[in-house]
**Student:** 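Following this message is one structure expressed as structure tokens.
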Amino acid sequence: METNNVLDAKGLACPMPIVKTKKAMAELESGQVLEIHATDKGFKSDLAAWTKSGGHEVVKHEEESDVLKFWIKKG
């Protein structure tokens, strides 16, 4: 999947991964994709709620060992 930006939020605790995600998404154009890598298990539910409220879309999600990876398309 083609991404326009990659955000490394590994090792950050709540609320920093979502704060950094908001900042990174603000720099993208509508339709562009942000790839996020995080290790905070609570980030998954935070991100789901945030993308829904912001009109964005989680295009893909996968886990590699303890790293959560998300691809978010800006609404």
Side-chain angles (χ1 to χ4, degrees):
M1 173 170 293
E2 185 180 328
T3 59
N4 300 96
N5 198 357
V6 178
L7 172 63
D8 181 1
K10 295 189 297 286
L12 298 176
C14 188
M16 288 314 295
I18 204 79
V19 169
K20 290 192 172 282
T21 297
K22 286 179 186 176
K23 188 173 185 223
M25 287 293 278
E27 297 171 6
L28 295 180
E29 301 289 327
S30 183
Q32 290 187 317
V33 176
L34 174 66
E35 180 179 340
I36 309 162
H37 300 177
T39 50
D40 178 10
K41 297 299 181 197
F43 181 63
K44 188 175 183 178
S45 59
D46 291 346
L47 186 66
W50 180 79
T51 53
K52 189 175 180 182
S53 70
H56 309 301
E57 177 189 357
V58 178
V59 181
K60 186 176 167 188
H61 162 246
E62 58 186 48
E63 287 187 42
E64 283 182 19
S65 57
D66 62 344
V67 179
L68 302 169
K69 294 186 175 183
F70 299 91
W71 287 263
I72 310 296
K73 183 185 281 186
K74 183 167 181 171

**Student:** Working to the nearest 0.5 angstrom, can you tell me the gap between Leu68 CG and Leu47 CG?
**Tutor:**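 Reported value, rounded in 0.5 Å steps: 9.5 Å.
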**Student:** Taking the side chain as every heavy atom from C-beta outward, state whether Leu34 and Lys74 have any atom pair closer than 4.5 Å.
**Tutor:**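 Answer no - side chains too far apart.
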**Student:** Take atom NZ in Lys41; do more than 12 heavy atoms of anything else shown fall under 6.0 Å from it?
**Tutor:**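 Yes, enclosed.
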**Student:** I'd like to know whether Glu2 forms a side-chain contact (heavy atoms from CB on, under 4.5 Å) with Val33, so could you lay out the CA-CA distance, the side-chain angles of the two residues, the decisive distance to 0.1 Å, and finally the verdict.
**Tutor:** CA-CA 7 Å; Glu2 185 180 328; Val33 176; over 6 Å; no
**Student:** Is a side-chain donor or acceptor of Thr39 paired with a backbone partner of Val67 at a separation under 3.5 angstrom?
**Tutor:**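 Answer holds: no.
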**Student:** Nearest 0.5 Å, what's the CE-NE2 distance between Met25 and His56?
**Tutor:**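 Rounded to the nearest 0.5 Å, the CE-NE2 separation comes out at 4.0 Å.
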**Student:** Can you confirm whether Glu29 is buried at CD, in the sense that more than 12 heavy atoms of other residues, nucleotides or ligands lie under 6.0 Å from that atom?
**Tutor:**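 Not buried by this count: 12 neighbours or fewer within 6.0 Å.
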**Student:** In this structure, which one of Glu62, Glu35, Glu64 forms a side chain to side chain donor-acceptor pair (under 3.5 Å) with Lys69?
**Tutor:**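 Among Glu62, Glu35, Glu64, the one meeting side chain to side chain donor-acceptor pair (under 3.5 Å) with Lys69 is Glu64.
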**Student:** What's the separation between atom CG in Asp40 and atom CG in Asp66, rounded to the nearest 0.5 Å?
**Tutor:**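 Result: 11.5 Å between the selected atoms.
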**Student:** Provide the closest heavy-atom pair for Glu63 versus Lys44 in the form atom of the first, atom of the second, distance.
**Tutor:**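 For Glu63 and Lys44, the tightest heavy-atom pair comes out as OE2-NZ, 4.1 Å.
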**Student:** Can you measure from NZ (Lys73) to NZ (Lys60) and round to the nearest 0.5 angstrom?
**Tutor:**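 One gets 13.5 Å once the value is rounded to the nearest 0.5 Å.
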**Student:** Quick check: is Val58 connected to Leu7 through a chain of hydrophobic side chains (ILVMFWY, heavy atoms under 4.5 Å apart)?
**Tutor:**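 Yes, it is one cluster - the side chains of Leu7 and Val58 are joined through contacts under 4.5 Å.
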**Student:** Honestly curious: do Trp50 and Phe43 fall in one hydrophobic cluster under the side-chain, below-4.5 Å linking rule?
**Tutor:**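 In one cluster: yes.
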**Student:** Please tabulate, one pair per line, all N/O donor-acceptor pairs under 3.5 Å involving side-chain atoms of residues 10-21, not counting sequence neighbours.
**Tutor:**
| from | atom 1 | to | atom 2 | distance (Å) |
| --- | --- | --- | --- | --- |
| Lys10 | NZ | Asp8 | OD1 | 3.1 |
| Lys10 | NZ | Asp8 | OD2 | 3.4 |
| Thr21 | OG1 | Pro17 | O | 2.7 |

**Student:** With rounding to the nearest 0.5 Å, note down the distance linking CD1 in Ile72 to NE2 in His61.
**Tutor:**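 Answer rounded to 0.5 Å: 9.5 Å.
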